[in-house]
Amino acid sequence: MIKSGFSQDTEKTGDVTDIIDPLNDAQRAAVTAPSQAMLVLAGAGSGKTRVLVHRIAWQIKAFGVPTHSILAVTFTNKAAKEMRGRIEDLLNISAQNLWIGTFHGLAHRLLRRHAKQAKLPETFQVMDSSDQLRVVKRLLQTLNLDDSKWPPKQVQWYINAQKDEGIRARHLPESGDLYQRQMLAVYKAYEELCDRSGLVDFAELLLRAHELLRDNPDVLEFYQQRFQQVHVDEFQDTNTIQYAWLRLLTQGKDNIFVVGDDDQSIYGWRGAKIENIYSFQKHYPNHQVIKLEQNYRSTGNILKAANNVIANNEGRMGKELWTDAGDGDLISLYTAFNEQDEAYFVVERIRTWVKEGGLRNDVAILYRSNAQSRQFEEKLMATGTPYRVYGGLRFFDRAEIKNALAYLRLMANRHDDASFERVINTPTRGIGNKTLEDIRTIARDQNIALWPAAVNLLNQGKMTPRAGLALSGFLHLIQTLDEQAAAKEELYEKVKLVVEKSGLLESYQKDKVDKGEEKVENLEELVNAAKLFDFEQSNEDNLSDLDMFLTHAALESGDGQAEEFEDCVQLMTLHSAKGLEFKLVFLVGMEEGLFPSQQSVDDAGRLEEERRLCYVGMTRARQLLYISYSESRRLYGRESYPRPSRFLREIPPEHLQEIRVRAAVTRPVSMPARQQSITTAIPSKYKLGQRVNHAKFGEGVVLQMEGDGAQERVQINFKQVGVKWLMLSFVQLEVL
DNA sequence: GGGAGAACATACTGG
DNA sequence: ATGTTCTCCC
């Protein structure tokens with residue numbers, strides 16, 4: 001028997017062959033290691049999740065560790081869900097009692113359970129970042145700060161950055177330059193406002209959960225004893241406060257099992273510290289390190305190319321992925337004329353893939369930023385190819401949904417100023433700026449929340465009859481909704497009540513211009529979501545259905561589109577692709593300024609993070625990887641002619657094949673072809689300014705030309721149909 | 001006080 | 001290019 005530090009509640013150790021047999025040596029060593037600090041350095045596709053899942057299953061089955069004694073932390077809800085599912089499948093049990101969740105989700109759970117010790121009102125509500133931004137904007141106005149000099153986004157970023165490091169306003173020095181003093185003042189005011197309103201932002205969840213454990217020895221001890229093993233996924237992406245939280249929980253027992261890959265750390269911009277991996281080795285001197293380097297996902301070509309790219313980073317812990325699968329196909333590189341052409345190419349390839357029997361679910365289009373998805377969506381839609389966009393505007397982020405939720409929140413907590421501001425005049429009910437300003441003044445002067453301030457204003461009796469009536473109407477509406485909702489048994493009935501009686505539904509039904517119909521549908525979908533909402537997950541916390549639902553909305557903003565079961569192409573950012581894999585991957589927009597992004601090119605550290613992102617993207621592909629960039633791109637309303645991404649040059653040519661038929665076949669990737677073609681003489685029968693006639697478009701004037709041979713194109717300004725690019729090999733033009 | 005259109009700012013990633 | 005705030009007029 002392998003010696004273990006687990007306490008054994010039971011002698012019945014089950015059959016563990018299912019758990020052990022499918023593993024390779026390194027994986028098995030990690031899974032069966034004794035309970036001590038463990039650092040598993042797992043390269044992309046090396047079976048990271050598998051190790052975690054089997055490790056947890058191993059403890060349950062081999063040692064009878066009760067499920068409620070196991071904690072597993074992930075970064076995304078998707079990862080948490082998947083892990084839970086896989087454990088259930090492997091053990092054929094219900095893993096309901098397992099504490100598996102995101103840092104934010106688990107922190108929230110702790111805070112709900114121990115609201116009092118965390119110095120929070122029982123009714124506290126979670127704000128997402130757009131809520132937070134609104135609050136900051138409001139605050140800057142109150143403090144009379146010019147928001148061109150103090151951009152709200154920057155203030156928000158400052159506050160979150162402090163919290164990520166565990167720094168409260170009171171920890172910051174009063175002295176300092178104007179910028180620091182001002183930021184400190186805002187931070188202080190922000191803390192006060194949140195405390196008064198019972199609002200908690202994302203960073204606050206983590207910070208406060210840490211403080212809860214740190215300052216309440218009884219609470220800390222309870223959880224230290226409860227959790228026999230703490231598992232952490234994507235450890236390289238933990239920030240300072242998350243790591244501090246983990247250390248508190250595992251203090252003295254060193255029962256921490258972390259899995260990570262320094263080459264896949266891509267969240268530095270929200271406070272993640274790769275250094276935590278190095279610190280781990282110092283803080284847990286008796287730790288064991290296991291490296292997983294065998295890749296089971298990608299072909300040799302993809303893997304070698306990715307290895308070469310990431311090798312350009314400095315200070316890596318050193319890992320070289322290998323595979324015993326064959327080399328597979330070369331990576332394909334496509335150079336597009338413009339973003340339209342790029343999208344066209346990608347979609348055509350996908351259609352071919354599907355025609356040849358491939359599944360759309362196995363295909364992903366990965367891009368650096370969400371804004372890039374549109375081109376692809378349009379082309380996919382035009383060809384009737386089902387697709388699904390991850391990220392972007394998600395269900396619970398939609399304005400109409402947030403409005404409805406704000407009603408529910410205000411009903412649950414009258415002191416929620418953010419929600420109060422949101423719905424007081426939504427839909428419009430005759431409460432204008434004047435009234436709102438008066439309420440804010442009272443709130444500020446008496447240091448109370450907006451709701452009681454509104455009550456006070458009304459009681460003063462100084463309002464005009466019309467305004468007074470509107471305000472009391474609103475207060476009564478909330479009061480009545482609250483009472484009626486309390487009488488309803490089911491959650492969805494409460495949601496339905498609010499949607500229908502708040503006036504939201506009615507106002508959207510009337511709205512014909514601004515996608516009112518879609519908003520009505522979304523509100524109906526919200527009621528539906530409430531009906532389907534699964535309460536089991538957090539049943540052991542004595543939360544009301546409504547609180548759970550609201551939390552769910554804040555913490556998991558939901559997917560943008562439904563129809564998960566349909567076979568469809570996946571579109572997402574590189575960030576959200578982490579942890580996933582696809583047979584066919586398109587890595588698009590590989591251009592300087594886009595990827596790596598403009599903001600990162602001057603900073604060595606950020607550039608390395610971009611490179612890791614590129615590494616993450618490439619290693620998503622199992623069989624086929626297509627990389628594309630465009631020679632011209634319309635971005636933010638301006639045409640630009642970007643150079644190919646530097647990362648392309650880091651891929652050894654022997655793993656690449658160029659798809660586009662070009663005049664200069666061996667043109668090095670680093671040479672911007674576009675600039676050449678505009679400056680060189682054009683060997684063509686058309687000249688700039690030449691008047692031509694087209695069978696369909698009529699008469700026009702040649703504006704620009706580029707490419708040669710089969711790739712030659714001209715831009716023509718037609719009298720009737722405007723400016724168009726035409727491929728000369730496809731059209732017949734008559735010279736006039 | 002409400003609504004429409006102009007002027008204006010802002011453009012990366014996410015729990 | 002797009003979303004948000006501002007301004008004007010009823």
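Using a 4.0 Å cut-off, no side-chain N or O of A/N239 falls inside it from OP1 or OP2 of B/dG15.
To the nearest angstrom, P of B/dG15 lies 14 Å from CG of A/D164. Between A/Q132 atom CD and B/dG14 atom P there is a gap of 16 Å when expressed in whole angstrom units. Rounding to whole angstrom units, CD of residue A/E378 and C1' of C/dA1 are separated by 12 Å. As rounded to whole Å, 12 Å separates atom P of B/dG15 from atom CD of A/E234. Taking atom CG of residue A/L436 and atom P of nucleotide C/dT5, one finds them 14 Å apart after rounding to whole Å. Separating the CD atom of A/Q141 from the P atom of C/dT4 is a distance of 15 Å, rounded to the nearest angstrom. Here C/dA1 presents its C1' atom at 13 Å from CD of A/E639, a figure rounded to the nearest Å. Note: CE (A/M127) to C1' (B/dG15) measures 14 Å, nearest angstrom.
On the P atoms, C/dT4 is 15 Å away from B/dT13, given to the nearest whole Å.
Nucleic acid contact for A/K578: none, since no nucleic acid atom lies under 4.0 Å from a heavy atom of the residue. Contact annotation for A/R134: no contact, since no heavy-atom pair falls under 4.0 Å across all strands. Residue contacts for A/F75: at a heavy-atom cut-off of 4.0 Å it reaches the sugar-phosphate backbone alone, with no base atom in range.
Here B/dG2 is the nucleotide among C/dA1, B/dG2, B/dG15 with the atom lying nearest to any side-chain atom of A/T428. Of the candidates C/dA1, B/dG1, B/dG15, the closest approach to any side-chain atom of A/T102 belongs to B/dG15. The listed nucleotides are B/dG1, B/dG15, C/dA1; the one nearest the side chain of A/T435 is B/dG1.
Under the side chain to side chain donor-acceptor pair (under 3.5 Å) criterion, A/D417 pairs with A/S197, not counting sequence neighbours. Looking at residues two or more places apart in sequence or on another chain, you find a side chain to side chain contact (heavy atoms under 4.5 Å, CB included) between A/Q570 and A/N361, A/A364, A/R388, A/Y390, A/C568, A/M572, A/F582.
Classification of the A/W269-A/Y267 ring pair by plane angle, with boundaries at 30° and 60°, yields tilted. Aromatic ring pairs are classed by plane angle as parallel below 30°, tilted from 30° to 60° and perpendicular above 60°; the pair A/Y223 and A/H114 is perpendicular.
Between A/E609 and A/R612, at least one side-chain nitrogen of the basic residue sits less than 4.0 Å from a carboxylate oxygen of the acidic one, meeting the salt-bridge criterion.
Place A/F103 and A/K434 on DNA chain B by their nearest nucleotides, and A/K434 ends up nearer the 5' end.
When the shell of 6.0 Å around CD of A/E378 is examined, it contains more than 12 heavy atoms from other residues, nucleotides or ligands.
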What N/O pairs connect the protein and nucleotides 7-13 of chain B at under 3.5 Å? Give each pair on its own line.
| unit_1 | atom_1 | unit_2 | atom_2 | d |
| --- | --- | --- | --- | --- |
| B/dC12 | OP1 | A/Q599 | NE2 | 2.3 |
| B/dC12 | OP2 | A/Y636 | OH | 2.6 |
| B/dC12 | O2 | A/R368 | NH1 | 2.9 |
| B/dC12 | O2 | A/R368 | NH2 | 2.2 |
| B/dC12 | N4 | A/R606 | NH2 | 2.2 |
| B/dT13 | OP1 | A/N370 | N | 2.7 |
| B/dT13 | OP1 | A/N370 | ND2 | 3.0 |
| B/dT13 | O2 | A/W269 | NE1 | 2.9 |
| B/dT13 | O2 | A/R368 | NH2 | 2.6 |
| B/dT13 | O2 | A/H575 | NE2 | 3.3 |

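A/F395 is listed as a side-chain neighbour of A/L526, based on a closest heavy-atom distance under 4.5 Å.
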